[in-house]
Protein chains: 2
Amino acid sequence: MTEPKVRPQRSDWQRNHKRLVTVAAALVARDGAQVSLEEIAREAGVGSATLHRHFPSRHALLEEVFQDSVAHLRWRAGELADKDPRTALLTWLEELTVAAASTRGLAAALDAADNTAPYSHTCHGIVREATEDLMSRALRVAAIRPGVPPDDLITLVQAISQATEGDPPAAGRLLRLALEGIRHR
Amino acid sequence: MTEPKVRPQRSDWQRNHKRLVTVAAALVARDGAQVSLEEIAREAGVGSATLHRHFPSRHALLEEVFQDSVAHLRWRAGELADKDPRTALLTWLEELTVAAASTRGLAAALDAADNTAPYSHTCHGIVREATEDLMSRALRVAAIRPGVPPDDLITLVQAISQATEGDPPAAGRLLRLALEGIRHR
DNA sequence: CTACGATATGGGGCGTCCCTCCACTTTGCC
DNA sequence: GGCAAAGTGGAGGGACGCCCCATATCGTAG
């Protein structure tokens, strides 16, 4: 179940796959999620058909490019789970938002999109899982008000990080504003 | 000062200009802000060069397409100014957000972008003005906490409406979440 | 080590897009 | 009615995403 692959891919397939992901990571970091797919193929020394065969959509490529980053964020959520639930959730959300605003393309990779892959292996799915986890802990000690759908919170984070891509301080400010509200206390 | 035009445009210029804006409004409403400019020109019965001559960028076109919608929103802000400042601000922000999420392309038109036009005539500038107005009233009666930059609030609205384009209820939910915060009271 | 079938590749072609050039037409004024 | 200025549009350059299919490469079985 963790390895339902019927057959391991050929060596040249693996080589090209790795090259594509590596090059894509570099170019997305430089130019953002909208970088030309043809340029990625060119830079990787591969025909454009090969790129499209390996990744049926731009999103599928981004998904793999940011797999590690998201895994690290997920791990960080687990680490925070020891702390006070309110702080844990707020810290996690802020770190997530700032990371997504600092790392070009990451915000786009977090889109729910039309995922064919098993949900829990997508960037969006992993982040959602972590958020739900920390939210339920915070809810249990009444650190946050009930009735907030996790998906809304994630959409909010995604919206903010996409709007502030390239300006991490702004991302942090906007997230804190959204979490604190605007009311006078 | 309201009419610094040196020379009134020729009649065919005006005719084409109007046609372009009208057609663009229809196609943007149907396909979103990313609609093909060539298709707009084709549908309007003009060469693509004419479109580019009238509107140096996609944003400039959107700017004019949504001029009326934004003017109406601005007027609405003035109308709300009579009410209780807190309610006025919250109502305005929600109406703005929902409108931007309901009207395809409007969220994109609200981008600050690289505006060459006088700031107060752009969609972004008009909305900013209205928001600042209502915010300062709310601040005066301590209905909102101080230290929130108007631009942050506008960016937030813009981010939410772009992320929820086509789903107005979600837009409303996300905005209220962001204005109320997540804390338990 | 060789031969062979399955697997994978890539160049090139198609349709689309944005944008600009320039020969041409339309307009408005004398 | 004629003429300069203003405006037009179609063609074409450069780039892109995506797909087809003739070719090359890989892994294995003999």
Side-chain angles (χ1 to χ4, degrees), chain A residues 3-28 30-65 104-105 108-109 111 113-114 116, chain B residues 3-28 30-65 104-105 108-109 111 113-114 116:
Chain A
E3 281 300 332
K5 283 181 168 60
V6 189
R7 212 176 345 81
Q9 266 81 356
R10 254 168 55 168
S11 66
D12 52 348
W13 190 96
Q14 293 179 8
R15 178 165 35 84
N16 284 335
H17 202 78
K18 184 159 290 185
R19 282 182 69 88
L20 280 169
V21 173
T22 305
V23 169
L27 294 192
V28 167
R30 197 192 63 189
D31 299 339
Q34 290 309 311
V35 63
S36 152
L37 297 180
E38 299 230 320
E39 186 176 357
I40 293 173
R42 230 178 295 133
E43 193 76 15
V46 152
S48 60
T50 297
L51 185 149
H52 287 284
R53 230 177 277 113
H54 281 247
F55 305 98
S57 71
R58 180 183 296 273
H59 190 83
L61 177 56
L62 291 176
E63 198 78 52
E64 207 159 317
V65 163
R104 301 203 73 177
D111 264 333
D114 33 84
T116 61
Chain B
E3 281 300 331
K5 281 182 169 57
V6 189
R7 214 178 339 84
Q9 266 79 357
R10 255 167 55 167
S11 66
D12 54 347
W13 190 96
Q14 293 180 9
R15 178 167 34 84
N16 285 334
H17 202 79
K18 185 158 291 186
R19 282 182 69 87
L20 280 169
V21 173
T22 305
V23 169
L27 294 193
V28 167
R30 197 191 63 188
D31 298 339
Q34 290 309 312
V35 62
S36 152
L37 297 179
E38 298 224 318
E39 187 176 356
I40 293 174
R42 230 178 296 134
E43 194 76 13
V46 298
S48 60
T50 297
L51 184 149
H52 288 284
R53 231 177 276 112
H54 281 246
F55 305 98
S57 70
R58 178 182 296 273
H59 191 82
L61 177 55
L62 291 176
E63 199 77 54
E64 207 159 318
V65 163
R104 302 203 71 176
D111 264 332
D114 32 83
T116 60

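A note on names: the letters A, B, ... follow the listed sequences, proteins ahead of strands, and every chain is numbered from 1.
If you find the closest nucleotide of DNA chain D to A/Glu39 and to A/Ala49, the one lying nearer the 5' end belongs to A/Glu39. Nearer the 5' end of DNA chain C, as judged by each residue's closest nucleotide, is the contact made by B/Thr50, out of B/Thr50 and B/Ser11.
How far CD of B/Glu38 is from OG of B/Ser48: 5.0 Å, rounded to the nearest 0.5 Å. Atom CG of A/Leu51 sits about 12.5 Å away from atom CZ of A/Arg19, to the nearest 0.5 Å. Separation of atoms CZ (A/Arg15) and CD (A/Gln9) is listed at 14.0 Å; rounding is to 0.5 Å. In this structure, B/Arg104 CZ and B/Gln34 CD are separated by 10.0 Å, a value rounded to the nearest 0.5 Å.
Nearest heavy atoms, A/Ala44 versus A/Leu20: CB-CD2, 3.9 Å. Here the shortest heavy-atom pairing between B/Leu62 and B/Ala108 reads CD1-CB, 4.3 Å. Across all their heavy atoms, B/His17 and B/Phe55 have their closest contact at CE1-CZ, 3.4 Å.
For the segment residues 14-23 of chain B, the set of residues with a heavy atom within less than 4.0 Å of an atom of DNA chain D comprises B/Asn16, in numerical order.
Between B/Arg42 and C/dC17 there is a side-chain polar atom (N or O) within less than 4.0 angstrom of OP1 or OP2. When the side-chain nitrogen and oxygen atoms of B/Ser36 are compared with OP1 and OP2 of C/dC17, one or more of them lie within a distance under 4.0 Å. For D/dT8, the OP1/OP2 oxygens have a side-chain nitrogen or oxygen of B/His54 closer than 4.0 Å.
B/Arg30 contributes no side-chain N or O that, together with a main-chain N or O of B/Val35, makes up a donor-acceptor pair within less than 3.5 Å.
Checked against D/dT8, C/dC18, D/dG17, the side chain of A/His52 finds its nearest nucleotide in D/dG17. Of all nucleotides listed (C/dC18, D/dG17, C/dG10), C/dC18 comes nearest to the side chain of B/Arg58. Residue B/Leu37 has its side chain nearest to C/dC19 when only C/dC19, C/dG10, D/dT8 are considered.
In this structure, CG of B/Leu51 is placed 13 Å from C1' of D/dT8, rounded to the nearest angstrom. One atom, CG of A/Asp12, and another, C1' of D/dC26, lie 6 Å apart when rounded to the nearest Å. When the P atom of C/dC19 is taken as reference, atom CG of B/Leu61 falls 12 Å away, rounded to whole Å. Between A/Trp13 atom CH2 and C/dG10 atom P the separation is 14 Å, expressed in whole Å.
Put simply, the residue from B/Leu37, B/Val28, B/Ile40 that forms a side chain to side chain contact (heavy atoms under 4.5 Å, CB included) with B/Arg58 is B/Leu37.
Judged by distance alone with a 3.5 Å cut-off, a donor-acceptor contact links the side chain of B/Glu38 to the base of C/dC19. At a cut-off of 3.5 angstrom, counting only N and O atoms as typed in the model, there is a donor on one side and an acceptor on the other between the side-chain of B/Arg10 and the base of D/dA6. Side-chain N/O atoms of B/Ser48 and base N/O atoms of C/dC19 include a donor-acceptor pair closer than 3.5 Å.
With sequence neighbours excluded, the residues satisfying side-chain contact (heavy atoms from CB on, under 4.5 Å) with A/Ala25 are A/Val65.
Here B/Arg53 lies in heavy-atom contact (under 4.0 Å) with a base.
Direction of the helix axis in the helix from C/dC1-D/dG30 to C/dC30-D/dG1 shifts by 10° between the two five-pair termini, rounded to 10°.
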